[in-house]
Amino acid sequence: MSSVSLELVEQSELAPEDGFWVALKRDLAIAMQNKGELAQALAFMAIVVSLFPLAVGPEAQLLKRIAPGVVWVAALLAALLTLPRLFASDYQDGTLEQVLLSPYPLPVLCAGKTLAHWLTTGLPLAVLAPLFGLQYGLNGDELGVLVASLMLGTPVLSMLGAIGAALTLGVRGGSILMALLVLPLFVPVLIFGAGAVEQALSGQDTTANLSLLGAVMLAGAVLTPVAIAAALRISLD
Amino acid sequence: MTTAVQAAATGPLRAEGLQVTRGPRQLFSELSFGIDSGEILVLRGANGTGKTTLLRVVAGLTQPDQGSVQWCGRAWGAKDAERRSVCLYLGHAHALKEELSALQNLKLALALDGIEAGTEACAHALDACGLAGRHAVQVRRLSQGQKRRVGLARLALSEKPLWLLDEPTNALDAEGIERFSALILGHTAKGGIAAVATHLPMPFQSARELRLEGSA
């Protein structure tokens, strides 16, 4: 009676980890069609970082002193700017429902989407950070620590931010609410990240702060996909 | 209270005692039905009586307050992996990325379903659904009916046994409806199941109807 249908089901034996690559490739393909959006976060970061020297004056000592904080806060705000996009367009055109209905495990798909978000927002910021650092007179070693701290820290911004973006889907004034939700969660990353660069400026060893950032990133990579998946299920119910 | 066609629940898909409340309104309660292998169930009812919600409950997107959905005698849990490899849900929205082409969209949707479909198979399915020569066009430049047809191509390549379709013939022209009818009859001829929520007359006679009447 139902033998035909059951055979149909058995054909689709899937390797769960493939879902990660499916989601990653999908979101990268979509991002490649929206290159303008990719540039937006970078342009925003460049402008914010450039505003501070204009506001506080060209005193080299002072600029170097505030550089870690300014670059990191700007990175935080740039990440915040891009996070609503992570799920909102998929939510509007109905493809997010299809993601939830995919036979691949939802946390695996969420991990793929989050990595795609980092590759298109956090990674370019980290790579171009030396340009921002140069404006503040950071030297080679200090720029290296700045890049390292952003490389380790921005993935956490994408992962924690994705939870907030998923929870506030379809809510009126969602992006402000999301900022209020996730900015407090970003604080440890900000402290470790800016702390590492500050230590580099004063000639101290930076491994402690960078190790802590790395630990936060690894913990996030394991735990946040489950939280993002749960948040999406709540938002789409 | 909602009255419903109480079907002899013997088929692979059974819903038992479903109750769904949306905000202050109870959409339906103690709703039970079954769909046999090779059968089509058409959901009818006025706006707001819960046709879409019922499809979402079966797909697992919405959790019912009470009751369960069973497949071959086993109740599906909220995160059931089997449920997700059985159900194909085509909702109100087209579930297409506007900035990608019809072909890219079809491939992405199938990849999410875990189906490795080659470009040739996808192109062939799009041709068959009346989109010949429109494969590479961005979906934002397609008409509503043409977007529906991309969804039809997905149905044609799907291997899932349970189709949950929300207003599938909206915006389709006569030829598109004929194409849809052929697809769904082919599906049920293979033993597949379909539940279709719609206001429009359906092109097949063999279907059973479930009428949702809503509650006060």
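Reminder, nothing fancy here: chain letters follow the sequence lines and each chain counts from 1.
Options B/Lys79, B/His94, B/Arg83 differ in how many heavy-atom pairs under 4.5 Å they form with chain A, and the most are formed by B/Lys79. No other option in A/Leu96, A/Thr95, A/Leu100, A/Asp90 has as many heavy-atom pairs under 4.5 Å with chain B as A/Thr95. Most heavy-atom pairs under 4.5 Å with chain A, from the set B/Lys107, B/Gln104, B/Arg154: that is B/Arg154.
Counting non-hydrogen atoms of neighbouring residues, nucleotides and ligands closer than 6.0 angstrom, the CZ atom of B/Arg141 reaches no more than 12 such neighbours. Crowding of A/Tyr136 atom OH: a count of heavy atoms from other residues, nucleotides or ligands under 6.0 Å exceeding 12. No more than 12 heavy atoms of other residues, nucleotides or ligands sit less than 6.0 Å from atom CD1 of A/Ile176. Surrounding NE2 of B/His124 are at most 12 heavy atoms belonging to other residues, nucleotides or ligands under 6.0 Å away.
Between atom CG of residue A/Asp18 and atom CD of residue B/Glu116 there is a gap of 8.0 Å, rounded to the nearest 0.5 Å. Note that the CG atom of A/Asp237 and the CZ atom of B/Arg22 stand 5.5 Å from one another [nearest 0.5 Å]. Here the CD atom belonging to B/Glu99 is positioned 6.0 Å from the CD1 atom belonging to A/Ile30, to the nearest 0.5 angstrom. Here the CG atom belonging to B/Leu100 is positioned 8.5 Å from the CZ atom belonging to A/Arg26, to the nearest 0.5 angstrom. Atom NZ of A/Lys25 and atom CG of B/Leu108 lie 10.0 Å apart (nearest 0.5 Å). Note that the CG atom of B/Leu90 and the CD atom of A/Glu97 stand 10.5 Å from one another [nearest 0.5 Å].
Smallest separation of non-hydrogen atoms from A/Ser102 and B/Arg84: O-NH1, 2.9 Å. Taking each heavy atom of A/Pro103 and B/Leu112 in turn, the nearest pair found is CD-O, 3.4 Å. Considering all non-hydrogen atoms of both residues, B/Ala93 and A/Asp93 come closest at CB-O, 3.6 Å. Residues B/Tyr89 and A/Leu101 approach most closely at CB-CD1, 3.4 Å, considering heavy atoms. Across all their heavy atoms, B/Ala95 and A/Gly94 have their closest contact at CB-O, 3.7 Å.
Only the backbone of A/Pro105 comes within less than 4.5 Å of a heavy atom of chain B; no side-chain atom from C-beta onward does. Only the backbone of B/Leu96 comes within contact range of chain A, with at least one heavy atom under 4.5 Å from a heavy atom of that chain. Of the two parts of B/Arg56, only the side chain, counted from C-beta on, holds a non-hydrogen atom closer than 4.5 Å to a non-hydrogen atom of chain A.
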